[in-house]
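So that the names make sense, note that chain A is the first sequence line, chain B the second, and so on, each numbered from 1.
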There are 2 protein chains.
Amino acid sequence: MKRTKSRATSFDVAALAGVSQSAVSRAFTPGSSIAEDKRAKVLEAARMLNYVPNSIASSLTTKRTNIIALILGNMHNPFYVHVLNEFSRRLQGLGRQILIFTVDPGSESDDAILRALQYQIDGVILTAAQLSTRMTSICHERGIPIVLFNRYIPGSDASGVRCDNVGGGRLIAEAFLAAGAKSFAMITGDPKGTTSQDRVRGFVERLMEEGVRRSEIEEVPGHSSYDGAASAALSLFAARSRPRPDALFGINDIMAMGAIDALRHRLGLRIPDDLMVGGFDDIPEARRAPYKLTTVRQPIDQMVARTLELMHLDEPDRPIERGIDLPLPSRLVWRGTVPVPPAFRAAAAEAAAADRPESG
Amino acid sequence: MKRTKSRATSFDVAALAGVSQSAVSRAFTPGSSIAEDKRAKVLEAARMLNYVPNSIASSLTTKRTNIIALILGNMHNPFYVHVLNEFSRRLQGLGRQILIFTVDPGSESDDAILRALQYQIDGVILTAAQLSTRMTSICHERGIPIVLFNRYIPGSDASGVRCDNVGGGRLIAEAFLAAGAKSFAMITGDPKGTTSQDRVRGFVERLMEEGVRRSEIEEVPGHSSYDGAASAALSLFAARSRPRPDALFGINDIMAMGAIDALRHRLGLRIPDDLMVGGFDDIPEARRAPYKLTTVRQPIDQMVARTLELMHLDEPDRPIERGIDLPLPSRLVWRGTVPVPPAFRAAAAEAAAADRPESG
DNA sequence: GCAAGTATTGAATGCGTATTCAACGGTCGC
DNA sequence: GCGACCGTTGAATACGCATTCAATACTTGC
């Protein structure tokens, strides 16, 4: 059992194969000029020595690490877990690695980005937290693209990918109205986040178009978590003088789920009989039997794809796309938490059919 | 808007501060010998240039990257999401970064580890997939510790951390017996994984001690997923000639949840009245209102702490701990899916009290 | 006030690889 | 059969930083 902590270098391989170090480097660099038989000899020698190319050393000269920083906040929201999963799958397929940073939701991401920069990452994907303009320009000056995922920052130079949250909020309002709801409430997320704000805005906007007054739409913060939403829902529905709202919008699915569980099991409310509920995101959990949540689907695949396009990892010299904000279309998925009006029967049947297998 | 993709180097900072490059390096290296006023000058110059030390370059000489590879399989099992979260929190606190690799559950992890090795990672945490002895020795020869999390590989040189799965399986059997169950079934996970095997073994072992015959214990594979378990449960309970089992062990919580939802909502079974259900892991989701799952708690905090101890990142020169297998104690959490026998009323009340706030 | 430390400092070097550059041999076209 | 060309090759160098080493300035003890 050797204790030689020595890792074989390209020189060792070169010596064994009887070639120069350059040849070893070329043997491992696709597209470089090397004779096939020589390459074979090198690979054979490398195999014998358990040689693994040192990406760290090579990135010193290539200026590319093939590492992408992914900054995550709330991993208790399954939405971001699926996002992480999707990015991981895609980036691995492109030969890239993911360096993970978790930050407190709502806090500054500057620290995390600074740590990431030390590793000369090729790009940053930000799914949480705030981003200062200073940090944005530091990254851009270095040629490192930053993409905001599921958020945007007004006036920021950083590009972002998200879905049409305002439109999605409107879709939920529309569904509630079609189902005959008269009084409304919502459980909101991060008050500083544009995502929550936009969903609220679309929802309210649409209701007001139908003559609902803003003061009639109740609003409680749910802190973007299952538990937070459960408490919020209870505070909203327990012990009140006003008549209960008959439609509740959870700004994201995990909060809608928390609200549903609390209202059903603590207050005995029946859904959708006593109360209709709408969510947002369409996480896989939303289609599970206890919820069958009517919600707005975010096109995660497209969002991930667009994010990668925006970073154009294969063309590092192309100038960075600045200030781009790409809202992708969202769509309503009819399930069981909002009574389906006759006009939407077909859509609901379609959703039910699509729900058979849970993705993954 | 500069287009200088040039990142300032320690030489640039040195020039601006009027010192040598060595001084810059020392200014950023805690514990190195440098006068306080000079360090201040360096830091000031660094700030002006937006200088960020290049960890990649420094690791070339220090032989330490402060990067840990975390290999994940099934991110659809919330258990591993919480594990990831915990590792991220802890490792960031220690100034380490996490490089994520996702692999197909059940497949070889060699590819992922090989990719990780290219980045000269300081350690590997494996929460999924198989590990070849060849890869183990490659890592060990290089002085890179590998820790198997929530698994072990018989005969492997790699160390592992897990809980007492056999004992945990026995606890569920014990609970079922105490609640008066007479006929049993289980939904199993990865048949190649020791974790699933051990839980099954403990469960069966304990039942057989009470005279239950092995052939009487039904067994269906649930593929470690919510959906897989849902199908498994339906195949187990729908259209059968034999009397239905009255106790079902889901080898992990996510499968127990899938089974519960399917049996309740598709077959109309009442839990625990018609059927008692036990799980394993105690993921946060298990305590949610629709489930209130009686399950075995894995001590994630301890497991994570032990994993980090085993890697002794701060003492890279200490010889690697080989073949260590640390089973930590697991314990039963009484909730609502198994009728609580009088003797366990106190334990159940305690669990209920502890459940008030969901962690995170 | 002098010798023996002690704390700082900068020049030089090495880490492992990619890449440039000049040299080489072989091939093709005519 | 000869020159131009192209595909290969290895020596040398750069990448950005930590560290060693020798030199220097500064203390302290007696």
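Taking side-chain N and O atoms only, B:K63 has a distance below 4.0 Å to OP1 or OP2 of C:dG16. Put simply, B:S10 has a side-chain N or O that comes within less than 4.0 Å of OP1 or OP2 on D:dC17. Close to D:dA18, at under 4.0 Å from its OP1 or OP2, lies no side-chain N or O of B:T61.
Heavy atoms only, all atoms of each residue included: A:S224 and A:N74 are closest at O-ND2, 3.2 Å.
Not counting sequence neighbours, the partners of A:I300 by the side-chain contact (heavy atoms from CB on, under 4.5 Å) test are A:F79, A:H82, A:V83, A:E86, A:V304. A:E108 meets the salt bridge (Lys or Arg N to Asp or Glu O under 4.0 Å) test with no other residue; sequence neighbours excluded. With sequence neighbours excluded, the residues forming a salt bridge (Lys or Arg N to Asp or Glu O under 4.0 Å) with A:D122 are A:R64, listed by chain and number. Contacts of B:R96 classified as salt bridge (Lys or Arg N to Asp or Glu O under 4.0 Å), with partners at least two apart in sequence or in another chain: B:D314. The side-chain contact (heavy atoms from CB on, under 4.5 Å) test applied to B:Q118 returns A:V52, A:S55, not counting sequence neighbours. Taking A:N50 as the reference, B:R134, B:I138, B:E141 meet the side-chain contact (heavy atoms from CB on, under 4.5 Å) condition, with sequence neighbours excluded. When the side-chain contact (heavy atoms from CB on, under 4.5 Å) test is applied to A:T133, no partner is found at least two apart in sequence or on another chain.
With rounding to whole Å, A:L60 atom CG is found 16 Å from C:dG14 atom P. Atom C1' of nucleotide C:dT17 and atom CD of B:Q118 are separated by 13 Å, given to the nearest angstrom. In this structure, A:D12 places its CG atom 9 Å from P of C:dG16, rounding to the nearest Å. Atom CD of A:Q120 is separated from atom P of D:dG16 by 9 Å (rounded to the nearest Å). When rounded to the nearest whole Å, the span between CD of B:Q21 and P of C:dT13 equals 14 Å. As rounded to whole Å, 14 Å separates atom P of D:dG16 from atom CG of B:L49.
Side-chain N/O atoms of A:D110 and A:S132 include a donor and acceptor closer than 3.5 Å. B:Y80 and B:N150 share a donor-acceptor pair across their side chains, judged by distance under 3.5 Å alone.
Contact check of residues 50-57 of chain A against DNA chain D (heavy atom, cut-off under 4.0 Å) returns no residues at all. The stretch residues 34-47 of chain A comes close to DNA chain D through A:I34, A:A35, A:K38, each having a heavy atom under 4.0 Å from the strand.
Residue-level contact check: A:T9 touches the backbone only, with heavy atoms under 4.0 Å from sugar-phosphate atoms and none from bases. Among the protein residues, A:F11 comes within range of the nucleic acid bases, having at least one heavy atom under 4.0 Å from a base atom. A:T62 comes within 4.0 angstrom of the backbone, heavy atoms only, and of no base. Note on A:S58: only backbone sugar-phosphate atoms sit closer than 4.0 angstrom, heavy atoms only; bases stay farther off.
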Are any protein N/O atoms closer than 3.5 Å to N/O atoms in nucleotides 20-24 of chain D? If there are, list each pair with its distance.
none

Atom pairs and distances, donor-acceptor, side-chain atoms in residues 97-106 of chain A, under 3.5 Å, two or more places apart:
unit_1 : atom_1 : unit_2 : atom_2 : d
A:T102 : OG1    : B:S88  : OG     : 2.7
A:T102 : OG1    : B:Q92  : OE1    : 3.4

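Within the structure, no pair that satisfies the side chain to side chain donor-acceptor pair (under 3.5 Å) test touches residues 29-44 of chain A, not counting sequence neighbours.
You'll find that the side chain of A:S20 is closest to D:dG10, out of D:dT19, C:dA11, D:dG10.
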